[in-house]
Number of protein chains: 2
Amino acid sequence: MSEPSLPIGALARSVGCNVQTIRYYEQVGLLPPATRTAGAQRRYAQVHRQKLSFIRHARELGFSLPAIRELLALAEHSDSVCSRADSIARHQLEAVRRRIALLESRRAELERMLEHRHGRRVRDCRVIATLADHGLCAEERHETDARR
Amino acid sequence: MSEPSLPIGALARSVGCNVQTIRYYEQVGLLPPATRTAGAQRRYAQVHRQKLSFIRHARELGFSLPAIRELLALAEHSDSVCSRADSIARHQLEAVRRRIALLESRRAELERMLEHRHGRRVRDCRVIATLADHGLCAEERHETDARR
DNA sequence: GCTTGAAGCTCCAGTGACTGCAGGTTTTAA
DNA sequence: TTAAAACCTGCAGTCACTGGAGCTTCAAGC
């Protein structure tokens with residue numbers, strides 16, 4: 001009958017997010033509304049904690065809120081078809097892989113910009129020169145390769 | 001006297017960004033205001049094209065607009081000290097590396113979630129189960145290792 | 001029962017770097 | 001001259017929160 005009921009701050013601490021985030025999830029309909037005290041303060045049950053924990057875990061993996069909404073709905077019905085959840089996760093994995101590839105190429109160019117010896121003044125600065133002339137970042141490779 | 005002057009659309013095509021972006025850069029003071037025709041349309045000179053190209057290149061590398069603002073200011077003065085530009089770039093490189101590390105761990109967990117055989121229904125779904133129980137994503141490794 | 005300070009409440013604005021739209025004006029080529 | 005393409009300003013929307021102002025409620029100690 002009397003399920004342990006957490007105020008919002010305790011819930012926030014227990015899942016490691018902050019209070020505003022929880023209110024925001026309620027506002028956008030991701031988390032069901034809490035019960036309220038006579039003075040209109042929110043009190044949460046275990047089911048809320050589980051859902052919130054699910055949401056936070058999914059967010060850490062980079063799922064969007066719409067994707068999480070759908071995953072939560074799937075989780076509600078234990079006989080719904082699993083392939084949809086898989087497809088959402090595969091989609092996210094692909095997005096993460098594309099993002100990594102983009103960042104790897106950024107990293108490579110930044111490293112190339114930085115690894116050269118250069119003058120103390122901006123007129124000889126690799127960083128500025130590379131940004132100013134897009135050609136440099138492609139040609140740089142050839143020059144470097146040729147020199148070795 | 002009569003420098004070739006591009007309308008905004010032509011400039012946008014020539015650097016591969018869109019028209020609103022150019023107006024936005026002017027609005028936030030990243031790009032100096034264009035000269036205007038009698039009918040108040042913008043006309044751009046080569047110096048604008050160079051700056052815009054610099055900005056876009058820096059954006060592709062993930063520099064923030066405040067960082068780019070500073071890099072542009074450094075580029076203006078060819079006798080300013082290069083180490084500041086280097087420091088901005090190194091900072092960005094570190095940010096990119098941290099981001100890659102985060103995404104790699106996401107990728108690993110998503111791959112672990114997806115690589116298991118599982119039932120057709122959500123009650124046996126790895127994806128949902130892993131999200132629901134944060135413990136699974138760490139423990140999974142041990143179980144898997146132990147079983148082999 | 002009273003006080004007090006922590007924690008809660010709502011509502012609203014701001015973040016970054018754009019993007020899109022509405023409704024109007026200018027330019028340019030035929 | 002006309003018609004279409006391109007341009008203009010101003011503002012709202014994106015995503016997932018985060019922060020603040022100004023007020024109310026709760027819980028613990030006395």
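Chain letters run A, B, ... following the sequence lines, proteins first, then strands; residues in each count from 1.
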Can you tell me if [X] touches the phosphate of [N], counting only side-chain N or O atoms and a distance under 4.0 Å to OP1 or OP2?
X     : N      : value
A:N18 : D:dC17 : no
A:S64 : D:dC15 : no
B:R56 : C:dC18 : yes
A:T37 : D:dC26 : yes
B:R69 : C:dG16 : no
A:R23 : C:dC12 : no

Can you measure [X] atom [atom1] to [N] atom [atom2] for me and round it to whole angstrom units?
X     : N      : atom1 : atom2 : result
B:E60 : C:dC18 : CD    : P     : 11 Å
B:L30 : C:dA17 : CG    : C1'   : 11 Å
B:L6  : D:dA6  : CG    : C1'   : 14 Å
B:I68 : C:dA17 : CD1   : C1'   : 10 Å
B:I22 : C:dG20 : CD1   : C1'   : 16 Å
B:L31 : C:dC18 : CG    : P     : 12 Å
A:L52 : D:dA16 : CG    : P     : 16 Å
B:L11 : D:dC7  : CG    : P     : 10 Å

Next item on the list: Return the 5'-most residue of the pair B:P7, B:L65 with respect to DNA chain C, ranking by each residue's nearest nucleotide.
Entry: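 So the residue in question is B:L65.
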Item checked: Nearest-nucleotide comparison on DNA chain C, the residue closer to the 5′ end among A:Q27 and B:Q20 ->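 So the residue in question is A:Q27.
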Selected nucleotide, minimal atom distance to [X] side chain, candidates [options]:
X     : options                : answer
B:Q41 : C:dT19, D:dC26, C:dT27 : C:dT27
B:P66 : D:dA27, C:dT28, C:dA17 : C:dA17
B:R42 : D:dC7, C:dG8, D:dT9    : D:dT9
A:T21 : D:dC7, D:dT18, C:dC18  : D:dT18

Check: Between B:R43 and A:Y24, who's closer to the 5' end of DNA chain D by nearest nucleotide?
Finding: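 First, find each residue's nearest nucleotide; the 5'-ward one identifies B:R43.
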Check: When clusters are formed by joining ILVMFWY residues with side-chain heavy atoms under 4.5 Å apart, either directly or through shared neighbours, do A:L72 and A:L31 land in the same one?
Finding: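 Same hydrophobic cluster.
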Would you mind checking if [Y] and [X] are paired as a salt bridge, meaning a charged N to carboxylate O distance below 4.0 Å?
X      : Y      : answer
A:E109 : A:R112 : no
B:E111 : B:R106 : no
B:E26  : B:R42  : yes

Margin query: As an exercise, state the distance from OG of B:S53 to CD of B:Q50, rounded to the nearest 0.5 Å.
Written below: 8.0 Å
Margin query: Over all strands shown, is B:R36 touching base, sugar-phosphate only, or nothing at heavy-atom distances under 4.0 angstrom?
Written below: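 Counting heavy atoms under 4.0 Å across all strands, the contact made by B:R36 is with sugar-phosphate only.
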Next item on the list: Check every strand shown and say whether A:Y25 touches a base, only sugar-phosphate, or nothing at a heavy-atom separation below 4.0 Å.
Entry: sugar-phosphate
Notebook entry, point to check: Where the side chain of B:R90 meets the backbone of B:E94, is there a donor-acceptor pair that is under 3.5 Å apart?
Noted result: no
